[in-house]
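Nothing fancy with the numbering, it's 1 onward along the sequence. Order of listing sets the numbers, starting from 1, for every ligand and every atom in it.
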Amino acid sequence: MTQSSPARVFADRAEACRILAAELAELVASINASGRPAVLGLATGRTPLPFYAELIRLHRAGQLSFANVVTFNLDEYLGLSADHPESYHAFMRRELFGHVDIPAENIHIPDGTVTDIPAHCAAYEKTIRDAGGIDFQLLGIGRTGHIGFNEPGSPRDSRTRRVELDPITRQDAAPAFGGLENVPTHAISMGCGTILEARKIALLAWGEAKAAIVNEALSGPVTDQVSASFLQQHPDATFYVDADAGARL
Ligand code: GLP
């Protein structure tokens, strides 16, 4: 059975983020009202920045609390410690966690410095399961069509594991790292299977550079060569795109 992921095309990213943030605030409030924490899967990259800014704005306006929210990030670069400025630990502190009321113990991000990677990945999966699974998963999309760091060839049922970064992905990260030679070659990433178990998924994409891959992910064949295409088979996955990223739909 194939279900097509609906795309919602907005005039600009600010509007898309305003609408999705309001929807997420409502979801968190309704899950919290049912007497349990809301479990969010979070993403990094440039794409979610205006979304996180909007979440912080809602928090400051008293319209969103993270006091009863548990988070799981998609991925982390292997070899980077939490205090490296390009680590996803540092990113999340800077762009979201440092500005909201989330208890530190509710935050989960893969650790890029562990020695026993398989054990760490298995424990990460178990922590997600023990939290009751992910209610809402936020995603960006890489130029290779990856979600998290699930590069072409990542199986649909893959779980959290060590992955090798595609040359295109490393090239895209090179400016932030001050040169390709400084970009890590590997990462720990939730798998496609982990991501697809989230009950609700929102993929964000902005700008014309994402138009071709967004179109392929939404309308092309479902294939492990474009891991975002697996979202076509998810019952509640939505693409939130601006007019430029949605230009080819
Ligand atoms: C990295 C992240 C992805 C993200 C992608 C796109 O590879 N691991 O989660 O979606 O970059 O990055 P950007 O949002 O900067 O275009």
Side-chain angles (χ1 to χ4, degrees), residues 5 12-14 16-17 20 40-54 71-80 84-92 94-96 108-112 121 124 134 136-154 158 160-178 180 182-192 194-196 198 201-218 226-231 237-242 244-246:
S5 334
D12 55 41
R13 63 191 75 177
C17 291
L20 180 59
L40 309 184
L42 298 179
T44 51
R46 288 175 297 276
T47 306
L49 290 175
F51 180 66
Y52 291 153
E54 179 63 12
T71 63
F72 291 91
N73 264 80
L74 285 166
D75 45 18
E76 178 58 286
Y77 290 110
L78 261 180
L80 297 198
H84 188 292
E86 287 307 316
S87 74
Y88 288 161
H89 281 78
F91 174 99
M92 290 307 299
R94 201 165 55 228
E95 306 299 343
L96 181 63
H108 304 91
I109 306 176
D111 182 344
C121 294
Y124 201 70
I134 293 172
F136 171 89
Q137 176 68 56
L138 182 71
L139 297 174
I141 184 168
R143 265 206 297 154
T144 62
H146 69 221
I147 48 178
F149 270 132
N150 290 287
E151 301 288 19
S154 297
S158 49
T160 304
R161 69 206 186 288
R162 174 183 188 268
V163 293
E164 182 172 4
L165 302 182
D166 189 276
I168 295 176
T169 301
R170 293 188 65 238
Q171 241 172 49
D172 285 349
F177 279 89
L180 187 60
N182 302 322
V183 182
T185 55
H186 293 79
I188 293 177
S189 179
M190 277 189 202
C192 297
T194 322
I195 292 168
L196 292 168
I201 299 179
L203 184 149
L204 312 183
W206 327 128
E208 59 182 331
K210 296 284 171 79
I213 195 65
V214 160
N215 184 44
E216 211 176 316
L218 275 167
V226 178
S227 64
S229 70
F230 291 135
L231 298 172
T238 306
F239 283 48
Y240 290 70
V241 303
D242 68 2
D244 290 336

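The heavy atom nearest to atom 13 (P) of ligand 1, out of those in Thr47, Leu165, Ile168, is found in Thr47. One option in Ala173, Ala209, Gly45 has a heavy atom closer to atom 12 (O) of ligand 1 than any other, and that option is Gly45.
Not a single heavy atom of Arg143 sits less than 4.0 Å from an atom of ligand 1.
For atom 3 (C) of ligand 1, the closest non-hydrogen atom on the protein side is Gly148 O, 3.6 Å. Nearest non-hydrogen protein atom to atom 16 (O) of ligand 1 is Lys210 NZ, 2.6 Å. What sits closest to atom 15 (O) of ligand 1 on the protein, heavy atoms only, is Arg46 N, 2.8 Å. Closest to atom 4 (C) of ligand 1 among all protein heavy atoms lies Thr44 O, 3.9 Å. Here the heavy atom of the protein found nearest to atom 8 (N) of ligand 1 is Asp75 OD2, 2.9 Å.
Among the atoms of His146, some N or O lies under 3.5 angstrom from an N or O of ligand 1.
In the model, Thr194 has no side-chain atom that pairs as donor or acceptor with a side-chain atom of Arg161 under 3.5 Å.
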Going by atom type alone, with no hydrogens or angles, which donor-acceptor pairs under 3.5 Å involve a side-chain atom of residues 209-216 and a protein atom two or more places apart or on another chain?
residue, atom, partner, partner atom, Å
Lys210, NZ, Ile141, O, 3.0
Asn215, OD1, Ser219, OG, 3.4

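Within ligand 1, counting atoms from 1 as listed, the ones closer than 4.0 Å to a heavy atom of Gly140 are 10 (O).
Partner of Leu96 under the side-chain contact (heavy atoms from CB on, under 4.5 Å) criterion, chosen from Leu42, Leu49, Thr71: Leu42.
At a 4.0 Å heavy-atom cut-off, ligand 1 touches Tyr88 through the side chain alone. At a heavy-atom cutoff of 4.0 Å, ligand 1 is contacted by the backbone of Ile141 but not by its side chain.
Between Phe177 and His84, the ring planes are tilted. Angles from 30° to 60° get that label.
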Practice item. Show the numbers, then the answer: is there a side chain to side chain contact (heavy atoms under 4.5 Å, CB included) between Leu231 and Leu139? Key: CA-CA 11 Å; Leu231 298 172; Leu139 297 174; 3.9 Å; yes

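Between Gly45 and Phe91, the closest heavy-atom pair is O-CZ, 3.3 Å. Residue Asn150 comes nearest to Ser227 through the heavy atom pair O-OG, 2.9 Å, listed as atom of the first residue, atom of the second, then distance.
Under the rule for a ring-ring contact (aromatic ring centres under 6.0 Å, His included), Tyr52 has no partner lying at least two apart in sequence or in another chain.
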